[in-house]
Amino acid sequence: MNKTDTEQMNNIIRQLKSGNMDFFDDFYELTKKQVYVAIINIIKNKTICEDIMQDTYLKFLNNIHKYKDKTNVIAFIVTIARNLAINEYNKNKREVRYDLSLYEEEIVSKTEETPLLDLVYETLSGIELEVFILHVIDDLKHREIAKIMKKPLGTITWIYNKALKKMKEKVGENNE
């Protein structure tokens with residue numbers, strides 16, 4: 001997020017904390033992509049993902065008083081989403097694999113049309129995609145991503161570097 005986006009997000013959070021729900025739609029629009037990707041990478045089921053998204057936003061609003069002002073709200077809500085998704089996954093104890101590319105069109109259509117984003121979804125999948133998006137698009141630090149994903153910092157750095165290498169190779173292929 002750039003400085004203007006950060007200021008806008010801080011204003012939205014202040015309004016939500018004061019009980020002004022008129023700003024919820026703005027908050028949702030700014031965060032839905034990150035929440036969706038965090039959940040779908042764990043659950044791999046679109047219907048359940050949508051249910052967990054609803055639960056995530058309800059839990060966020062119920063716990064908004066726990067959010068510390070001017071910290072990273074994306075990290076806060078993605079942590080809630082991941083925890084709910086992990087709980088659902090553990091409850092079901094079955095893994096249904098779906099190709100994330102099935103949802104690529106929907107994810108991209110919910111965002112601006114960007115060739116670079118298309119290339120990212122085409123090249124990366126799973127945890128590499130999630131780490132790459134959280135770092136590059138959402139501007140989270142590797143330490144924040146490690147905390148959200150409950151993985152060692154070194155693992156996150158390794159995954160990011162691997163994803164970055166794949167992206168560089170892909171960009172090189174497209175320029176030949």
Side-chain angles (χ1 to χ4, degrees), residues 1-89 100 103-121 124 127-151 153 156 159-160 163:
M1 274 193 216
N2 62 35
K3 189 174 181 180
T4 307
D5 290 341
T6 302
E7 290 171 9
Q8 178 187 10
M9 186 64 82
N10 287 334
N11 180 48
I12 290 170
I13 296 300
R14 277 192 301 278
Q15 294 295 328
L16 291 173
K17 276 186 162 186
S18 71
N20 186 351
M21 291 299 131
D22 293 339
F23 286 81
F24 179 76
D25 288 343
D26 295 334
F27 177 74
Y28 179 78
E29 289 301 319
L30 290 169
T31 59
K32 68 181 178 184
K33 179 183 63 169
Q34 296 89 336
V35 171
Y36 184 86
V37 169
I39 297 168
I40 200 70
N41 279 328
I42 296 168
I43 296 299
K44 316 258 190 261
N45 180 300
K46 183 180 173 187
T47 306
I48 295 172
C49 179
E50 290 169 355
D51 290 342
I52 294 173
M53 280 185 74
Q54 286 181 349
D55 293 344
T56 297
Y57 285 100
L58 287 172
K59 190 166 185 171
F60 172 79
L61 291 174
N62 288 334
N63 292 293
I64 197 164
H65 62 280
K66 293 180 182 177
Y67 172 72
K68 294 176 184 156
D69 291 334
K70 299 189 181 188
T71 58
N72 193 326
V73 71
I74 300 294
F76 186 75
I77 196 160
V78 166
T79 299
I80 292 171
R82 285 185 53 77
N83 288 340
L84 289 172
I86 290 167
N87 289 346
E88 181 67 25
Y89 175 82
L100 188 60
Y103 306 109
E104 175 182 324
E105 184 177 319
E106 180 177 335
I107 294 168
V108 172
S109 71
K110 290 181 180 180
T111 63
E112 299 175 46
E113 289 291 325
T114 57
L116 185 57
L117 195 55
D118 291 342
L119 189 63
V120 169
Y121 284 111
L124 304 175
I127 195 167
E128 287 178 351
L129 175 63
E130 190 173 359
V131 169
F132 192 83
I133 287 174
L134 288 171
H135 183 68
V136 174
I137 297 175
D138 299 331
D139 203 28
L140 295 180
K141 297 185 179 359
H142 288 176
R143 187 172 311 283
E144 293 170 317
I145 297 168
K147 186 175 178 184
I148 289 169
M149 299 181 93
K150 295 181 178 141
K151 295 199 179 290
L153 177 60
I156 296 301
I159 291 169
Y160 175 74

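Side-chain atoms are counted along with the backbone in the values below, which use heavy atoms only and exclude waters and symmetry mates. All figures in this text were calculated on a predicted structure; none of them were measured in a lab.
Put simply, CG on L134 and CZ on F132 are 11.5 Å apart, with the number rounded to the nearest 0.5 Å. Here the CG-CD distance, from L84 to Q54, works out to 12.0 Å after rounding to the nearest 0.5 Å. Rounding to the nearest 0.5 Å gives a distance of 10.0 Å between OH of Y36 and CG of N41. Annotation: the span from I74 atom CD1 to L140 atom CG amounts to 7.5 Å, rounded to 0.5 Å. I13 CD1 to I64 CD1: the interatomic distance, rounded to the nearest 0.5 Å, is 4.5 Å. Remark: R82 CZ to I52 CD1 distance equals 12.0 Å, nearest 0.5 Å.
Not one N or O on the side chain of K32 forms a donor-acceptor pair closer than 3.5 Å with the backbone of M53.
Between T71 and F76 there is no side-chain heavy-atom pair separated by less than 4.5 Å. Side-chain contact between D69 and N10: absent, with no pair of heavy atoms (C-beta onward) separated by less than 4.5 Å.
Residues satisfying the side chain to side chain contact (heavy atoms under 4.5 Å, CB included) test with K151, not counting sequence neighbours, are I127, M149, T155, I156. N20 is linked by a side chain to side chain contact (heavy atoms under 4.5 Å, CB included) to Q15, S18, D22, F23, counting only residues two or more places apart in sequence or in another chain. The side chain to side chain contact (heavy atoms under 4.5 Å, CB included) test applied to N83 returns T79, K150, not counting sequence neighbours. For E144, the side-chain hydrogen bond (donor to acceptor under 3.5 Å, both in side chains) criterion is met by no residue, not counting sequence neighbours. For the side-chain hydrogen bond (donor to acceptor under 3.5 Å, both in side chains) test, residues two or more places apart in sequence or in another chain that qualify with N63 are K66. Shown here are the ring pair (Phe, Tyr, Trp, His ring centres under 6.0 Å) partners of F24, two or more places apart in sequence or in another chain: Y57.
Considering all non-hydrogen atoms of both residues, I39 and C49 come closest at CG2-SG, 3.6 Å. The two residues M21 and L16 come nearest to each other via the heavy atoms CE-O, 3.7 Å. Nearest heavy atom pair, residue A85 against residue I43, reads O-CD1, 3.3 Å. Of all heavy-atom pairs spanning F60 and I80, the tightest one is CA-CD1, 3.9 Å. Residues A38 and V78 approach most closely at CB-CG1, 3.8 Å, considering heavy atoms.
For the side-chain contact (heavy atoms from CB on, under 4.5 Å) criterion with F27, the lone passing option out of L30, T31, D25 is T31.
More than 12 heavy atoms of other residues, nucleotides or ligands shown are found within 6.0 angstrom of NZ on K17.
Relative orientation of the H142 and H135 rings is tilted, given thresholds of 30° and 60° on the angle between their planes.
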Go through the steps to decide whether R14 and N11 satisfy the test side-chain contact (heavy atoms from CB on, under 4.5 Å), and finish with yes or no. CA-CA 5 Å; R14 277 192 301 278; N11 180 48; 3.7 Å; yes
